[in-house]
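The block underneath contains the structure these notes are about, expressed in structure tokens.
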Protein chains: 2
Amino acid sequence: MSSYYKEHEKFYVAVDIIIFGFDGERLNLLLIKRNFPPSKGKWSLMGGFLKNYESLDQAAERVLYTLTGLNNVFLEQLQAYGNIYRDPGERVISIAYYALIKIDDYDENLLEKHNAHWYPITDFPSLIFDHNNMVKRAIARLRRKAKTQPIGFEMLPAKITIPQLQKLYEAIYLKKFDKRNFRKKILSYNVLEKLDEKEKETSKKGAYYYYFNERKYSQLLENGYSFNVNI
Amino acid sequence: MSSYYKEHEKFYVAVDIIIFGFDGERLNLLLIKRNFPPSKGKWSLMGGFLKNYESLDQAAERVLYTLTGLNNVFLEQLQAYGNIYRDPGERVISIAYYALIKIDDYDENLLEKHNAHWYPITDFPSLIFDHNNMVKRAIARLRRKAKTQPIGFEMLPAKITIPQLQKLYEAIYLKKFDKRNFRKKILSYNVLEKLDEKEKETSKKGAYYYYFNERKYSQLLENGYSFNVNI
DNA sequence: GTATAAAGTGTTAAAAATACACTAATCATC
DNA sequence: GATGATTAGTGTATTTTTAACACTTTATAC
């Protein structure tokens with residue numbers, strides 16, 4: 001088209017994705033053991049190069065889809081990483097994204113194909129390049145956001161019990177909360193509707209299921225909320 | 001060096017900077033009227049292309065220095081913008097940064113050379129490309145950050161009065177605060193040390209100067225704080 | 001000496017966060 | 001069918017934080 005910029009340099013641009021999932025007990029990261037160079041055999045985030053025909057957000061969606069088979073999940077840009085030697089192979093500007101997924105939704109075959117594994121955020125292998133930094137920042141962002149927006153729900157099915165939800169928040173903040181205060185606070189947002197059904201796998205007594213009301217949740221998201229249970 | 005990535009496409013990468021300054025009354029943006037194509041004659045953020053020999057952060061510092069002659073100021077990455085047609089000339093990935101500067105510090109000649117002007121955040125000309133979005137996000141970020149970190153101080157000299165500080169916060173949030181509650185809250189952080197000197201230009205009585213204690217400020221930054229005066 | 005203009009000061013009420021301990025339901029077992 | 005074990009579920013009192021609110025002080029200009 002035009003050539004205003006032709007004296008300037010061009011760069012490889014990639015996206016890397018920090019994928020979070022909750023298994024009922026711990027918050028986990030989806031990592032891949034690279035079976036391709038450079039740094040073959042080492043652990044890293046899932047990533048991919050930006051293509052001409054897609055936006056950054058689309059590239060992130062594509063990369064996430066390639067690994068998990070998932071679409072329409074929570075995916076948000078973290079920030080750009082652009083140190084000169086961050087990739088020892090060649091200079092690459094990487095835009096980091098983080099995703100929140102329901103851990104049972106992914107496509108098993110795709111994960112195997114990419115050599116991907118879940119690791120708890122408290123204990124995962126050291127990653128290539130600046131990926132450790134990316135993860136650190138993503139966790140900080142998730143913790144910050146979970147205080148003001150109910151994004152924790154993105155990692156859970158629509159039907160949940162309150163003890164499950166509390167475990168998720170405890171896994172995010174690596175901290176125990178008082179269950180009376182937690183329940184009080186969560187219910188005060190009026191996004192959960194109690195069902196007659198009980199979940200009976202994790203306890204004999206069984207915990208009531210609550211249904212997660214999308215519409216009220218969207219309202220909360222727009223207006224912002226303040227989740228502050230002893231955090 | 002290597003050639004792992006040679007099948008991938010390369011892109012122009014630029015940085016654009018949202019520059020905030022406080023004039024004692026209003027929060028302002030430093031904008032430039034482009035005297036070069038494309039979109040010559042239109043208003044935009046100050047920007048520049050990334051070069052091979054610099055990181056993204058360094059590019060942002062260089063661009064800020066080119067326009068203002070300033071170094072060592074608060075400069076933080078906002079996010080990357082990568083829609084395909086965001087720049088109608090050619091595809092450019094832009095990394096937006098925002099800077100907080102002391103409005104009297106800049107180099108007058110440089111500003112003139114670049115055709116730059118200060119505009120209040122409440123009333124500035126429409127900008128090219130996606131720069132309006134960038135500004136919107138930068139203001140939101142500034143408001144969020146100013147609640148949990150005392151970054152407002154970055155736009156003020158080391159010696160300030162409390163009414164000045166309050167005006168800054170009112171300019172950021174476009175909202176009046178109760179001066180008793182404001183003073184109480186600010187002083188409770190113990191980052192301000194009262195001096196014997198008074199500022200007497202804006203009032204007959206004069207307001208005591210306070211000295212801004214860098215060391216205690218750094219501690220606050222690390223531990224996080226909560227600024228919540230009626231916001 | 002009086003009018004003016006901004007600085008400075010304290011208390012009370014309301015809301016939110018925090019701390020804390022017992023009962024209820026069900027299953028497994030003896 | 002009584003008992004023990006395990007997790008769910010509930011209410012109140014205390015402390016802390018936020019919010020609302022009005023008068024006095026100081027210096028200058030006239």
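Here is how names work: the chains are called A, B, and so on, in the same order as the sequence lines, proteins then strands, and each is numbered from 1.
Applying the 4.0 Å criterion to OP1 and OP2 of C:dC27, one finds that A:Lys200 has a side-chain N or O inside that range.
Within the 4.0 angstrom heavy-atom criterion, only backbone atoms of the sugar-phosphate kind lie near A:Thr202; the bases stay farther away.
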I'd like a table of atom pairs between the protein and nucleotides 24-26 of chain D - only N or O on both sides, under 3.5 Å - with the distance next to each one.
{"from": "D:dT25", "atom 1": "O2", "to": "B:Lys205", "atom 2": "NZ", "distance (Å)": "2.9"}

Output a table of nitrogen or oxygen pairs between the protein and nucleotides 11-14 of chain D separated by less than 3.5 Å.
{"from": "D:dT12", "atom 1": "O4", "to": "A:Lys184", "atom 2": "NZ", "distance (Å)": "3.0"}

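For B:Tyr81, the side-chain hydrogen bond (donor to acceptor under 3.5 Å, both in side chains) test picks out no residue, with sequence neighbours left out. Residues forming a side-chain hydrogen bond (donor to acceptor under 3.5 Å, both in side chains) with A:Asp23 (at least two apart in sequence, or on another chain): A:Asn28. Considering only residues two or more places apart in sequence or on other chains, B:His131 meets the ring-ring contact (aromatic ring centres under 6.0 Å, His included) condition with B:Phe129. With sequence neighbours excluded, the residues that form a side-chain hydrogen bond (donor to acceptor under 3.5 Å, both in side chains) with A:Ser126 are A:Asn132. Every residue two or more places apart in sequence or in another chain that forms a side-chain hydrogen bond (donor to acceptor under 3.5 Å, both in side chains) with A:Lys159 is listed here: A:Glu197. In this structure B:Phe212 satisfies the ring-ring contact (aromatic ring centres under 6.0 Å, His included) test together with B:Phe153, B:Tyr217, sequence neighbours excluded.
Whole-Å rounding puts the B:Lys175 NZ to D:dA20 C1' distance at 14 Å. Atom CZ in A:Phe182 sits about 18 Å away from atom P in D:dT7, given to the nearest Å. Atom CG in B:Leu187 sits about 12 Å away from atom P in C:dG10, given to the nearest Å. A:Phe177 has its CZ atom 12 Å from the P atom of C:dA19, to the nearest Å. Distance CD1 (A:Ile160) to P (D:dA8): 13 Å, rounded to an integer number of Å. Rounded to whole Å, atom C1' of C:dA6 lies 14 Å from atom OH of B:Tyr208. Rounded to whole Å, atom P of C:dA6 lies 13 Å from atom CD of B:Gln166. Distance CD (A:Glu199) to P (C:dT26): 14 Å, rounded to an integer number of Å.
For D:dA8, its base sits under 3.5 Å from the side chain of A:Lys179 at one donor and acceptor pair at least.
For the atom pair CG of A:Leu111 and CE of A:Met46, the computed distance is 9.5 Å after rounding to the nearest 0.5 Å.
Taking the six-membered ring for Trp, A:Trp43 and A:Phe124 have ring centres at least 6.0 Å apart.
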Identify each donor-acceptor pair in which a side-chain atom of residues 60-74 of chain B lies under 3.5 Å from a protein atom, sequence neighbours left out, and give them as a table.
{"from": "B:Arg62", "atom 1": "NE", "to": "B:Glu54", "atom 2": "OE1", "distance (Å)": "2.8"}
{"from": "B:Arg62", "atom 1": "NE", "to": "B:Glu54", "atom 2": "OE2", "distance (Å)": "3.3"}
{"from": "B:Arg62", "atom 1": "NH2", "to": "B:Phe49", "atom 2": "O", "distance (Å)": "2.7"}
{"from": "B:Arg62", "atom 1": "NH2", "to": "B:Glu54", "atom 2": "OE2", "distance (Å)": "2.6"}
{"from": "B:Thr66", "atom 1": "OG1", "to": "B:Arg62", "atom 2": "O", "distance (Å)": "2.7"}
{"from": "B:Thr68", "atom 1": "OG1", "to": "B:Leu64", "atom 2": "O", "distance (Å)": "2.7"}
{"from": "B:Thr68", "atom 1": "OG1", "to": "B:Leu70", "atom 2": "N", "distance (Å)": "3.1"}

